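Have a look at the structure below before the remarks.
It should be emphasised that the depicted structure is a prediction, and the values quoted were computed from it without experimental measurement. Below, chain A is the first sequence line, B the second, and so on; all start at residue 1.
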Amino acid sequence: MNISLSINGIKHEADVEPRLLLVHFIRDLVGLTGTHIGCETSICGACTVFLDGKPVKSCTILAVQADGTEITTIEGLAKNGQFHPVQEGFWECHGLQCGFCTTGMIMAVCGLLQENPQPTEEQIRHGLEGNLCRCTGYQHIVDSVQYAANKLKTQSAKAD
Amino acid sequence: MIPNNFEYFAPTSIDEAVKLLEKHGDDCKILSGGHSLIPALKLRLAAPAVVLDIGRIKELKQIKIDGNTIRIGANATHSEIANSAELKQHCPLLGETAAQIGDQQVRNRGTLGGSLTHADPAADWPAAMLALNAEIVVRSGKGERVIKAADFFVDIMTSAVQPHEIVTEIRVPKPAQPNAAVYLKVPQSASGYAVVGVAAQLKINNGQCEDVSIGVTGLAPKAFRAKSVEDALRGKALDEGTVSAATAKADADASDAMEDIHASGDYRRHLARVYAKRAVQTAASRA
């Protein structure tokens, strides 16, 4: 089946089997391997991408369901060689150890901050329930989210 | 994990979907948000010849208030329901339930109609649908059929929807006292599914419980109305003694108690009693 979708602003067209998963389209056909495959059963969140502006788990979506949509992956976050504030937060606050969950975690954080720009610690932990990290014990991830929330707040204050 | 091969259709209208179902219904699975079906396809627990993706049918997406009825399209996502200002005003129990499902990514894809039809005995929606006296509307080549929530859940993973039918809409009567309601659950710590969940909707007049409906999920192979509790509360003042005595019967209407590694049957029955009491007291305090 022919599908056409935009990934990080670039249009991709392909003839795919209906059973092809979106995460395999992104990794194997387009070659963007920043989106990871973890549990494969919509639990761990490593495969999180944005689909039409909302975080979703790309291992639990068929590529054909994403026909005509706009996808953003981790590779689409940095602009002009500058980290996105959420990426910067993970860098500055040591929000990762092995890094496997990080790309999905960062996409989920972007979704969380979009809904709630100044979350409390409890709201951060609740908001990231769909992403599992087996290294950090989450404390540094919470710190990273708070860093990013503050940075985004400063940025939007400057823009005003 | 790769699903078995299947033929794929993505109709854009209910009529078109119904025609495809008439042709393929016996060996066809309907794909809505996909957050139950796609894992099942990948684990090869399901291997239908045809997958009918209803995600492109716009008329299945709408949420609207129609007089005294709240109408929610089968494809409304948990996020859309949780974030709807209209629903928050007229029936906050819907958003409160939706916000407790899965995680943000799952809520962005999973749908009300899909969850109900899947009939997972530990899902959150069935408890709220029972407490709200909701009706589920299905369509087939023979026309439309309206099923009461109380008749909708048949057994584990089995709803009243037949192979040639498609769920189109969920109708919820606008509650008289929208705030006098709650959904409380004990989440299974890994999946978030309800070990036991209780939804309660009250109508209180002069300190008396004029009407009450309570839905229980997670305990039995199918979600059920706790009629024994309701009967013991109706017409009474909701004092501590009355509520305690009534909610001690919260497991009385369970057809059976599920047992697994997360909780024994007896523990689930205990949780149902404790959470029914908390639910009734919380709903009453919000009235």
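In this structure, B:K42 contributes its side chain and A:E40 its backbone to a donor-acceptor pair below 3.5 Å. In this structure, A:R19 contributes its side chain and B:P3 its backbone to a donor-acceptor pair below 3.5 Å.
At least one side-chain heavy atom of B:I2 sits under 4.5 Å from a side-chain heavy atom of A:H24. In this structure the side chain of A:K57 reaches within 4.5 angstrom of the side chain of B:V106, judged on heavy atoms.
Contact count versus chain B (heavy atoms, under 4.5 Å) is highest, among A:N131, A:I43, A:I61, for A:I61. For the set A:D67, A:L51, A:I37, the count of heavy-atom pairs under 4.5 angstrom toward chain B peaks at A:D67.
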Next on the checklist: Is there a side-chain contact (heavy atoms from CB on, under 4.5 Å) between B:N108 and A:F50? Walk through the geometry before answering.
Outcome noted: CA-CA 10 Å; B:N108 281 336; A:F50 266 51; over 6 Å; no

Item to check | side-chain contact (heavy atoms from CB on, under 4.5 Å) evaluation trace for B:L31 with A:Q65 | outcome: CA-CA 10 Å; B:L31 174 67; A:Q65 285 180 286; 3.6 Å; yes

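A:E17 contributes atom CD, which lies 4.5 Å from atom CG of B:N5 (distance to the nearest 0.5 angstrom). A:E129 CD to B:R107 CZ: the interatomic distance, rounded to the nearest 0.5 Å, is 7.0 Å. Here the OG1-CG distance, from A:T48 to B:D103, works out to 8.0 Å after rounding to the nearest 0.5 Å. The line from NZ of A:K54 to CD of B:Q104 is 11.0 Å long, rounded to the nearest 0.5 Å. B:Y8 contributes atom OH, which lies 5.5 Å from atom CE of A:M1 (distance to the nearest 0.5 angstrom). Between atom CG of residue A:L22 and atom CD1 of residue B:I38 there is a gap of 9.5 Å, rounded to the nearest 0.5 Å.
For A:L62, the parts lying near chain B are the backbone and the side chain together; criterion is any non-hydrogen pair under 4.5 Å. Heavy atoms of B:A40 lying under 4.5 Å from chain A are absent altogether.
Environment of NZ in B:K29: sparse, with no more than 12 heavy atoms of neighbouring residues, nucleotides or ligands closer than 6.0 Å. More than 12 heavy atoms of other residues, nucleotides or ligands sit less than 6.0 Å from atom CD of A:Q146. The number of heavy-atom neighbours closer than 6.0 Å to CZ of A:F83, taken from other residues, nucleotides and ligands shown, is above 12.
Closest approach of B:R56 to A:V64, counting heavy atoms only: NH2-O, 3.1 Å. Heavy-atom minimum distance, A:A108 versus B:Q105: CB-NE2, 3.6 Å. Of all the heavy atoms in A:T60 and B:P39, the pair that sits closest is CG2-CD, 3.8 Å. Nearest heavy atom pair, residue B:M1 against residue A:C39, reads CE-O, 3.9 Å.
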